[in-house]
Protein chains: 2
Amino acid sequence: MLDDISRFRRFSRAVTSEVGALDTSFLGRGRPLGAARVLNAIGHGRTDVAAVRAYLGLDSGLMSRLLRGLEDEKLIKVTTDPDDARKRRATLTARGQKEFQAYEHLSDGRAQDLLVKYPHPETLLEAMDLVASALGREKWILEECDPRDPAARYCLEEYYGELNRRFDGGFDVSLSCDPDATDMIRPRGCFLVAMSDGLPLGCVGLKGTDKGYAEIKRLWVSPAARGMGLARRLMAEVEDIARDLNIDLLRLDTNSALPEAVRFYQTGGWTEIDRFNDDPYPDFFFEKAL
Amino acid sequence: MLDDISRFRRFSRAVTSEVGALDTSFLGRGRPLGAARVLNAIGHGRTDVAAVRAYLGLDSGLMSRLLRGLEDEKLIKVTTDPDDARKRRATLTARGQKEFQAYEHLSDGRAQDLLVKYPHPETLLEAMDLVASALGREKWILEECDPRDPAARYCLEEYYGELNRRFDGGFDVSLSCDPDATDMIRPRGCFLVAMSDGLPLGCVGLKGTDKGYAEIKRLWVSPAARGMGLARRLMAEVEDIARDLNIDLLRLDTNSALPEAVRFYQTGGWTEIDRFNDDPYPDFFFEKAL
DNA sequence: ATAGTTATCTGACTTAGGTCAGATAAAATT
DNA sequence: AATTTTATCTGACCTAAGTCAGATAACTAT
C-alpha cells in the first residue's frame with residue numbers, strides 16, 4: 001500500500017508531532033532554548049566546550065555568549081583545560097545541578113504524560129527500542145565486563161527467558177552447565193555486552209577450560225537488534241580476544257530449536273562435530289580453529 | 001534494565017537526532033522555515049487559513065505576514081471563503097505547486113538517505129509503522145468503502161496472508177466462501193477500513209444474506225495496531241451500521257487457530273452456536289442478537 | 001624562532017520569529 | 001436592530017538566534 005519512503009515519512013510525521021513536544025520541555029523554565037540546551041548538554045556530561053559546540057552545532061561567538069549568560073546565572077563554572085590552555089571546560093555548579101535536575105524532571109513528566117495514554121505500552125516500547133537501536137546503530141559499543149555486572153545479568157536473564165519459551169520442555173539454568181563467572185573473565189576468558197545508549201542489545205561469553213579449547217557461551221541478541229549484524233560483530237570481537245589470549249580452538253553447543261543460530265554457525269566458518277559434553281539441552285556441536 | 005520512561009526518552013533522543021534532520025529539508029530552498037512550513041501545509045491540502053494557523057500554532061499577525069510573503073512570491077493565491085466572508089482560503093499557484101513538489105522531493109531524498117543505511121529495512125519499517133500508528137491513535141479514521149477499493153484490498157491481502165501462515169494446511173481464498181463484494185455494500189451490507197495517516201490498519205465486512213441474518217466477515221487488525229482496541233472499535237461501528245440497516249441478528253465463523261479472535265468474540269457478547277455453513281476452514285461459530 | 005593553526009572571545013550587525021494593541025468587516029446571538 | 005463574537009489584517013515593537021570580521025592567546029610544525 002505504502003512504499004518504504006512513504007512509511008518512513010509517515011513515521012517521522014507522527015513522531016515530530018507527538019514526541020517533538022518533548023523538546024518543549026526545554027522551555028517552561030523561563031530560559032531561552034539555546035541556553036537551556038547548553039545547560040542540558042553540560043549536565044549530560046559534555047564538559048568540553050568544543051564538544052558541546054559540535055553537538056549543538058553552534059557558532060563560537062554564540063556559544064561564548066550563552067556560556068557567559070549561564071555563568072552570570074551562576075549555573076556553570078568555566079575553567080581552562082589544564083592540558084591545553086586554549087580549551088575550556090564547563091561544569092555545573094550546585095545550583096546548576098538543581099536546575100538541570102528540574103529540566104530532567106520536566107522531560108520525564110512529558111514522557112510519562114505521553115506513555116500514560118497507552119494502557120499496555122509494552123508492545124509500543126518494544127517497537128521504540130527497536131527503532132532507537134536501529135537509528136543509533138553507529139553508536140553501538142561493545143564493552144568487556146564482568147558477567148555479574150547488571151548489563152550482563154540483564155542479557156543473561158533475557159537469554160534464559162527466550163530459551164525457556166522456545167525449547168519444548170522449557171529451560172532451567174540450574175540443569176544446564178552454567179559457566180562459572182570466573183571462567184569468563186580474563187585471563188581465562190571474557191564476557192562482552194553490546195550497549196546502545198543505555199540499553200544492552202546482546203552479549204557473548206568466552207569460557208576458558210583446561211581441555212585445550214575454549215567455549216563460546218551465551219550468545220544472545222535482543223529482538224530490538226536482530227537482523228542488523230550484531231551477532232556477527234560480537235563473534236568477530238570475541239574471536240579476536242580469544243586469539244589475544246592464545247586460544248587456538250573454540251567449541252560451542254546449540255539446539256535445533258534455534259534454527260537461526262544453527263544457520264549462523266554453519267555459515268560463519270564453524271564445523272559440526274560430535275557431542276563433546278553431557279549438557280542435557282544442546283543437540284548441535286561446533287568447533288572452529290583460530 | 002531501563003524503566004519505561006527511560007526507554008521512551010531513549011527513543012525520543014534517537015529520533016530527534018536522526019530523523020529530526022528531516023525538518024531541515026524545509027530549508028535549503030532559500031526560504032525561512034516559517035514560510036516553508038506554511039507553503040507545505042497548504043500543499044498538503046490545508047487550504048483553510050485558520051486550519052493552517054491552528055496546525056502550525058502561529059499568531060494571526062505572523063500568519064498574515066507569511067501569507068503576504070508567499071503571495072508576493074506568486075506561490076499562493078488567497079481568496080475569500082464564499083460561505084463565510086471572514087475566512088480566507090489559500091491555494092497553490094502553478095508555481096507554488098512546483099515549489100511544493102521540490103520540497104517533497106527534498107524530504108523524500110532525506111528519507112531515502114536514512115533508509116538506505118539499513119540492508120533489510122522491513123523489520124525497522126514494521127516497528128516504525130507500529131510506533132506511528134500508536135502515537136497517532138487519536139487520528140485513526142474508520143471509513144466505509146467499497147471492498148474492491150485499494151485500501152480494502154490491501155487489508156484483505158494481508159488478512160489472507162496471515163491466515164495462510166497460521167492455519168496448519170495454509171489458506172486458499174478460492175476454497176473459502178469468499179463473499180460477493182456487492183453483499184458488502186449498502187443497502188445489503190457494508191465494508192469498513194480503519195486508516196491512520198495513509199496506512200490501513202484494519203477492516204471488517206458486513207455481508208447481507210437472505211437467510212434472516214447478516215454475517216461479520218474479514219475482521220482483521222494489522223500487527224501495527226494490535227492491543228490498541230481497534231477490533232473493538234471496528235465491531236462497535238459495524239454493529240451500529242447493521243442496526244441502521246434493520247438487521248437484528250449477526251453471525252460469524254472463525255477458527256481455533258486464531259485463539260485471540262475466539263476469545264474476542266467470547267468476551268464481546270457473542271454466543272457460540274452450531275455450524276451454520278459448509279465453509280471448510282472455520283470450526284467456531286457465533287451469533288449475536290442486536 | 002617563525003609561521004601557521006586552533007579555541008575562544010568581543011563587538012557590530014541582520015534576520016526570523018513572535019507578541020501586542022487596535023482596526024475592520026462579516027457573522028452569530030440576543 | 002443592537003451587541004457580541006470571529007477571522008483576519010496592520011503597525012509597532014522585542015528578543016533569540018545566528019553571522020561576520022577581527023582580536024587574543026596558546027599550541028604545533030618547520
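Just so it is clear: chains get the letters A, B, ... in the order the sequence lines come, proteins before strands, and each one is counted from 1.
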| field | Under-4.0 Å salt bridge between B/Arg110 and B/Asp113 | value | no
| query | Think A/Arg88 has a side-chain N or O under 4.0 angstrom from the OP1 or OP2 of C/dC9? | reply | yes
| Minimum-distance nucleotide (side-chain atoms of A/Leu58 versus D/dG18, C/dC20, C/dT8) | D/dG18
| request: Check the distance between C/dA26's C1' and B/Asp83's CG and give it to me in whole angstrom. | output: 13 Å
| note | When A/Asp81 and A/Ala35 are each assigned the nearest nucleotide of DNA chain D, the 5'-most assignment goes to A/Ala35
| task | Would you mind reading off the distance between A/Asp48 atom CG and C/dA7 atom C1', rounded to a whole angstrom? | result | 10 Å
| note | B/Leu67 CG to D/dA7 P, in whole Å, measures 15 Å
| Given A/Asp129 and B/Arg10, is the side chain to side chain contact (heavy atoms under 4.5 Å, CB included) satisfied, shown in steps? | CA-CA 8 Å; A/Asp129 285 346; B/Arg10 173 174 177 269; 3.9 Å; yes
| message | Closer than 4.0 angstrom, basic N to acidic O: yes or no for A/Lys139 and A/Asp197? | response | no
| note | The reported gap from CG in B/Leu290 to CG in B/Asp240 (rounded to nearest 0.5 angstrom) is 9.5 Å
| field | A/Met63 CE - D/dC20 C1' separation (whole Å) | value | 19 Å
| task | Rounded to the nearest angstrom, tell me the gap between atom CD in B/Glu71 and atom P in D/dT8. | result | 13 Å
| task | Starting at atom CG of A/Asp59, determine the distance to atom P of C/dT8, rounded to an integer number of angstrom. | result | 12 Å
| What is the distance, rounded to the nearest whole Å, between atom CG of A/Leu70 and atom C1' of D/dA16? | 14 Å
| Which nucleotide in C/dA28, D/dA26, C/dT10 has an atom nearest any side-chain atom of A/Ser64 | C/dT10
| Taking the side chain of B/Arg68 as its heavy atoms from C-beta onward, which of C/dT10, D/dA26, D/dT10 lies nearest to it? | D/dT10
| query | Nearest nucleotide by nearest heavy atom, which residue falls closer to the 5' end of DNA chain C, A/Asp84 or A/Leu62? | reply | A/Asp84
| field | More than 12 heavy atoms from other groups under 6.0 Å of OH on B/Tyr154 | value | yes
| field | Closest listed nucleotide, where the reference is the side chain of A/Arg65 and the choices are D/dT6, D/dC20, C/dT8 | value | D/dC20
| said: Just the rounded figure in Å: distance from C1' of D/dT15 to CG of A/Leu66. | reply: 13 Å
| field | Nearest-nucleotide pick for B/Arg86, side chain only, options being C/dA28, C/dA7, C/dC20 | value | C/dA28
| request: With the side chain of A/Lys87 defined as its heavy atoms from C-beta on, choose the nearest nucleotide among C/dT8, D/dT8, D/dA17. | output: C/dT8
